[in-house]
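Right, one structure below, let's go through it.
What you see is a predicted model, and the numbers here were worked out from it, not measured in a lab.
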Amino acid sequence: MHSRPAPVVLGTAGTTADDVLAVARRGAPVELSARALDALAAARRVVDDLAAKPEPVYGVSTGFGALAVRHISPGLRVQLQRNIVRSHAAGMGPRVEREVVRALMFLRLKTLASGHTGVRPEVARAMAGMLNAGITPVVHEYGSLGCSGDLAPLSHCALALMGEGDAEGPDGAVHPAAELLAAHGLAPVTLREKEGLALLNGTDGMLGMLLMACADLAALLTAADVTAALTLEALLGTDRVLAPELHAVRPHPGQAASAANMLKVLDGSELTGHHQTGHDGVPAAPRVQDAYSVRCAPQVAGAGRDTLAHARTVAERELAAAVDNPVVLPDSRIESNGNFHGAPVAYVLDFLAVAAADLGSIAERRTDRLLDKNRSHGLPAFLAADPGVDSGLMIAQYTQAALVGELKRLAVPASADSIPSSAMQEDHVSMGWSAARKLRTAVDHLTKVLAVEMYAATRAVELRAGLTPAPATRAVLRAVRDAGVAGPGDDRFLSPDLAAAEGFVRSGRLVAAVESVTGPLL
């Protein structure tokens with residue numbers, strides 16, 4: 001049995017990436033600190049004072065967006081807040097993943113807890129109650145332009161908080177939100193001045209997806225170092241290009257980390273260096289250096305690592321932010337602002353998609369080299385047991401190439417686009433939600449691409465009879481066998497089990513097998 005994760009306590013100073021992952025992926029319960037509840041109450045007093053005055057205040061006593069010119073009388077303000085949620089809950093398309101919706105809700109709650117939004121403490125408590133009950137509103141793929149917040153996605157969450165719309169229960173079944181709230185002893189919330197708007201105005205969806213992508217890409221970058229090392233070994237390449245002193249003269253930290261990882265994997269191998277000497281009757285290859293896809297693996301993966309580091313810096317700043325409009329300032333002013341614009345997050349989401357595409361591209365080139373008997377230095381065509389009678393991994397590489405083609409299309413930036421909305425009031429938007437959605441697909445595709453390279457490289461190493469691979473490589477080969485991934489001596493190899501290979505990479509077992517010998521990789 002898995003123990004229940006420790007509660008995540010939200011204060012006024014933001015949260016951490018680990019806390020977001022704990023709530024989104026592991027179902028950690030959420031608590032509000034006493035300081036957060038005090039800050040919520042203090043900010044609410046400011047809103048109540050302004051609501052009682054005759055002067056219009058945006059979001060408190062006016063309409064929204066292009067309709068902000070209308071002053072709303074006190075008798076209509078509850079209806080105004082309810083109506084903004086209902087009207088903005090206009091998403092369409094497939095349901096968004098549960099982990100994304102939980103991250104979205106938790107990050108919105110993080111901003112509420114800051115005391116800068118002016119909502120009542122009971123609104124924040126109600127959102128925490130939904131998270132803790134495992135109630136996940138149904139949110140749809142389309143509806144956010146990444147400006148004025150992830151409006152439609154957040155609106156569907158707020159709708160469930162009001163006891164309207166549909167939600168998924170802890171058992172995965174979808175029911176009317178009112179039924180799920182009642183079943184868990186939770187009361188629907190009646191929103192008051194500013195509260196509907198405060199629940200909708202944030203970059204929470206795109207930020208949640210950025211944080212999850214950062215965690216997944218960190219693992220995949222290490223896996224890519226491992227697959228590159230396995231391929232180098234299978235191609236009888238040289239590890240001399242991985243020497244620390246070579247990478248010190250071009251001091252990119254990610255590059256040095258990737259080279260160090262590859263060296264650890266290859267330590268003790270009898271296969272490296274045979275590009276000059278030959279073995280078992282195979283003549284020495286007429287090459288003094290390996291192809292770029294092998295030799296430059298640390299440079300490409302390292303650039304991805306440095307891109308990831310930048311993305312994490314942006315994410316950390318956003319985690320510390322209180323994104324809302326208008327915002328309650330410490331001196332009790334309520335001011336309109338543009339902090340809801342998603343450009344900072346959208347840019348790095350797109351940047352990571354570029355890095356994922358390039359990492360997949362270089363891995364595919366290495367795989368193709370393993371399968372080409374004219375470039376693989378003695379390996380059979382397509383790593384087939386009987387080339388011509390069977391096709392080996394020929395079509396596995398086709399699949400990999402198709403994924404890489406899609407990765408390249410996903411690398412086209414969403415943030416370079418903008419479609420005006422709200423009668424030209426919101427005339428420049430970030431498209432950050434779209435950037436986040438395509439990055440999730442890119443991360444999934446990259447996992448599959450690396451799985452194909454691992455499948456090919458491990459089989460190629462096994463075909464190098466008479467030479468002993470590195471201890472770390474031998475650990476990978478054992479783990480692959482234990483995982484039921486078929487090899488060249490297995491009839492199942494005639495139908496490559498790429499799904500099993502993907503599961504092996506996605507689960508972290510590839511890197512874990514290496515680390516059982518080398519210790520922690522970077």
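Side-chain atoms of His184 never come within 3.5 Å of backbone atoms of Leu186 as a donor-acceptor pair (strictly under, hydrogens ignored). Judged by distance alone, the side chain of Gln81 and the main-chain N or O of Leu197 form a donor-acceptor pair under 3.5 Å. Checking side-chain atoms of Thr313 against main-chain N and O of Ala309 turns up a donor-acceptor pair under 3.5 Å. Looking only at distances, a side-chain donor or acceptor of Lys110 sits under 3.5 Å from a matching main-chain atom of Ala321. No side-chain donor-acceptor contact under 3.5 Å links Arg333 to the backbone of Val327. Listed for the Arg77 side chain is no donor-acceptor partner under 3.5 Å among the backbone atoms of Lys194. In terms of modelled atom types and a separation under 3.5 Å, the side chain of Ser418 and the main chain of Val429 share a donor-acceptor contact. At distances below 3.5 Å, not a single donor-acceptor pair connects side-chain atoms of His310 with backbone N or O atoms of Asp306. Between the Asp350 side chain and the Ala414 main chain, a donor and an acceptor come within less than 3.5 Å of each other. Remark: side-chain polar atoms of Asp19 are not paired, donor with acceptor, to backbone N or O of Val8 under 3.5 angstrom.
With values rounded to the nearest 0.5 angstrom, Asn201 atom CG is found 10.5 Å from Asp150 atom CG. Residue Arg312 holds its CZ atom at 12.0 Å from CG of Leu319, rounded to the nearest 0.5 Å. Here Ile135 contributes atom CD1 and Leu180 contributes atom CG; the two are 5.0 Å apart, rounded to the nearest 0.5 Å. For the atom pair CG of Leu40 and NE2 of His116, the computed distance is 11.0 Å after rounding to the nearest 0.5 Å. Note that OG1 of Thr441 is 7.5 Å distant from CD of Glu406, once rounded to the nearest 0.5 Å. Between atom CG of residue Asp358 and atom CG of residue Leu446 there is a gap of 10.5 Å, rounded to the nearest 0.5 Å.
Residues Thr399 and Val452 fail the side-chain proximity criterion, which asks for heavy atoms closer than 4.5 Å. The shortest distance between side-chain heavy atoms of Val123 and Leu199 falls below 4.5 Å. Inter-residue side-chain proximity for Met130 and Cys157 is flagged as unmet; no heavy-atom pair is nearer than 4.5 Å. Side-chain contact between Leu191 and Arg82 is absent, with no heavy atoms from C-beta onward closer than 4.5 Å. Leu439 places a side-chain heavy atom less than 4.5 Å from the side chain of Val443. Looking at Asn261 and Val514, their side chains never come closer than 4.5 Å, going by heavy atoms from C-beta outward. At a threshold of 4.5 Å between non-hydrogen side-chain atoms, the residues Leu220 and Thr447 count as touching. The shortest side-chain heavy-atom distance between Cys147 and His341 falls under the 4.5 Å cut-off.
Counting all heavy atoms, side chain and backbone alike, Ala301 lies closest to Ser258 at CB-OG, 3.6 Å. In plain terms, the two heavy atoms of Trp433 and Ser144 that are nearest each other are CB-OG, 3.4 Å. Between Tyr142 and Gly93 the shortest heavy-atom distance is CD1-CA, 4.1 Å. Between Leu104 and Pro153 the shortest heavy-atom distance is CD2-O, 3.8 Å. The two residues Val485 and Ala501 come nearest to each other via the heavy atoms CG2-N, 4.1 Å. Counting all heavy atoms, side chain and backbone alike, Leu181 lies closest to Ala160 at CD1-O, 3.4 Å.
Residue-environment remark: OH (Tyr347) stays at or below the threshold of 12 foreign heavy atoms within 6.0 Å.
With respect to Thr15, the side chain to side chain contact (heavy atoms under 4.5 Å, CB included) criterion is satisfied by exactly one of Leu10, Val23, Val30, Leu109: Leu10.
Applying the side chain to side chain donor-acceptor pair (under 3.5 Å) rule to pairs touching residues 167-178 yields Arg95-Glu168, sequence neighbours excluded. The list of side chain to side chain donor-acceptor pair (under 3.5 Å) pairs with a residue in residues 507-522, not counting sequence neighbours, reads Ser507-Arg509. Pairs of residues two or more places apart, or lying in two chains, that qualify as side chain to side chain donor-acceptor pair (under 3.5 Å) and include a residue from residues 152-164 are Arg86-Glu164. Counting only residues at least two apart or on different chains, the salt bridge (Lys or Arg N to Asp or Glu O under 4.0 Å) pairs with a member in residues 125-141 are Glu141-Arg437. Residue pairs meeting the salt bridge (Lys or Arg N to Asp or Glu O under 4.0 Å) criterion with at least one partner in residues 211-226, sequence neighbours excluded, are Arg25-Asp216, Asp225-Arg305. The salt bridge (Lys or Arg N to Asp or Glu O under 4.0 Å) contacts involving residues 36-49 comprise Arg44-Asp48, Arg44-Glu193, Arg44-Glu195, Asp48-Arg192, where partners must be two or more places apart or lie in separate chains.
No donor-acceptor contact under 3.5 angstrom links the side chains of Asp324 and Thr117, judged on distance only.
Note on Glu99 versus Arg440: salt bridge recorded, some NZ/NE/NH1/NH2 to OD/OE distance being below 4.0 Å.
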Evaluate side-chain contact (heavy atoms from CB on, under 4.5 Å) for Val323 paired with Glu318, printing each intermediate quantity in order.
CA-CA 8 Å; Val323 177; Glu318 199 75 357; 3.9 Å; yes
Verdict with supporting geometry, Thr222 and Leu522, side-chain contact (heavy atoms from CB on, under 4.5 Å):
CA-CA 7 Å; Thr222 303; Leu522 300 173; over 6 Å; no
Stepwise side-chain contact (heavy atoms from CB on, under 4.5 Å) check, Leu498 with Glu502
CA-CA 6 Å; Leu498 301 183; Glu502 178 190 356; over 6 Å; no
Evaluate Arg506 against Lys448 for side-chain contact (heavy atoms from CB on, under 4.5 Å), listing each step before the verdict.
CA-CA 9 Å; Arg506 190 181 298 278; Lys448 293 178 171 65; 4.0 Å; yes
